[in-house]
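Below is one structure, written out as structure tokens; the observations come after it.
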Amino acid sequence: MNPIVYAIPVFMVSILLEAWIAHRRGVNTYDIPDAITSLNFGILSQVSGVFVRVFTFGIYVWTFDTLRVGTLPADAIWVWVVALIAYDFIYYWVHRFGHEINLMWSAHQVHHSSEYFNLSTALRQTSTGAFASFPFYLPMALLGVPPIVFGTVALIDLLYQYWVHTELVRKLGWADRVFVTPSNHRVHHGQNDYCIDKNYGGIFILWDRLFGTFTEERDEEPVVYGIRKPLASYNPVWGNLNVYADVIRKSLNAGSILAAARTWFDPPGGRGVALAHLDPQSVKKFSTGTSRGMQHYAVAQYGLLAVIVTYFLAIAPALASADRMLWALVIVLSAMSLGWLLEGRRFARLFELARLVTLGLMLAFFAQTSF
Ligand SMILES: [Zn+2]
Ligand SMILES: [Zn+2]
């Protein structure tokens, strides 16, 4: 069973709790269209993961089975501890490349495309990142880290990072200099000059201190979240693809095949280009002025969609591949429909109606054939 199935209810309850506490404290940390969009990115990431993981984890298992130079025992505690530290070390570099190389930034930018910072931001995950990042972890398979240990430490590293996406926990003293914490991860999500390309760690911020990318949060300059070239959309599919489109455009104009190829390995700001100064006061958060009624409708529909997605993730391994594809398609179109409604697109209401009818028929058909 996909362990995220068990985590989803915890995510939903903690997000509601954080939003309620923030509301009571008068902290403006949530925006409903932004949060729904973050959660839609999370849905797309999990649904695509059903298909991608078979491939990436499959290659890990194949490498372990056929190429490993030794075998580390899965029943020894030290193996788990060393594997977690090794995973976190590799994660630091994968994450760093995710900010410093166009090919990997095109995938990772999804996580930074929110202009808010709360627990829902943690779930704003890419759907395309695994292809470029998983080869970096294969040395663990070569060294004999069993797949069960690898899969578990990868999950621990990912789940650890959930709680650090909040403005409600301020500085934590020495912990901010040893572990990744809300304070140092806020810096990572900032677009202020001092925040760019800082604090890449997953569990340990020690890697950043070791490799010179650590910066403490400044009390005198509030962090402005998001990316320098804003997404300005609630469409999670476009959110996953827009930077790839930019890099493709740049590489087509590069002049030669070599230059085109190099574009993919340039830093996102351009090779040799100095970072432009950003006046934090000048940043306006994206909004389409979605009506209150539509925001509440989207929340209610998202609640329903979350239940459907949880159910899909639970039963996906047992589904025939055509059924799996059909479910995935309807879920992705549902997330897009909610995005279009929040953006107030002209065709959105008609599309939503078609989606509800399709979903209703599918659920009725499924209920009839399953019970
Ligand atoms: Zn990042
Ligand atoms: Zn983050």
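Atoms within a ligand are numbered from 1 in the order they appear, just like the ligands themselves.
- The distance cut-off of 2.8 Å around the Zn ion (ligand 1) captures these protein N, O or S atoms, sorted by chain and number: His95 NE2, His99 NE2, His108 NE2, His112 NE2, His188 NE2.
- Taking the salt bridge (Lys or Arg N to Asp or Glu O under 4.0 Å) definition, one finds that Arg271 meets it with Asp266, sequence neighbours left out.
- Cation-pi geometry between Arg68 and Phe64 is met: under 6.0 angstrom from the ring centre, within 45 degrees of the axis.
- Partners of Pro268 by side-chain contact (heavy atoms from CB on, under 4.5 Å), not counting sequence neighbours, listed by chain and number: Asn102, Trp105.
- Between Asp193 and Arg228 there is a salt bridge, since a side-chain N of the basic residue sits under 4.0 Å from a carboxylate O of the acidic one.
- Of the N and O atoms on the side chains of His165 and His111, at least one donor lies less than 3.5 Å from an acceptor on the other residue.
- When the side-chain contact (heavy atoms from CB on, under 4.5 Å) test is applied to Ser114, the partners found at least two apart in sequence or on another chain are Asp34, Ser38, Tyr116, Thr121, Arg124.
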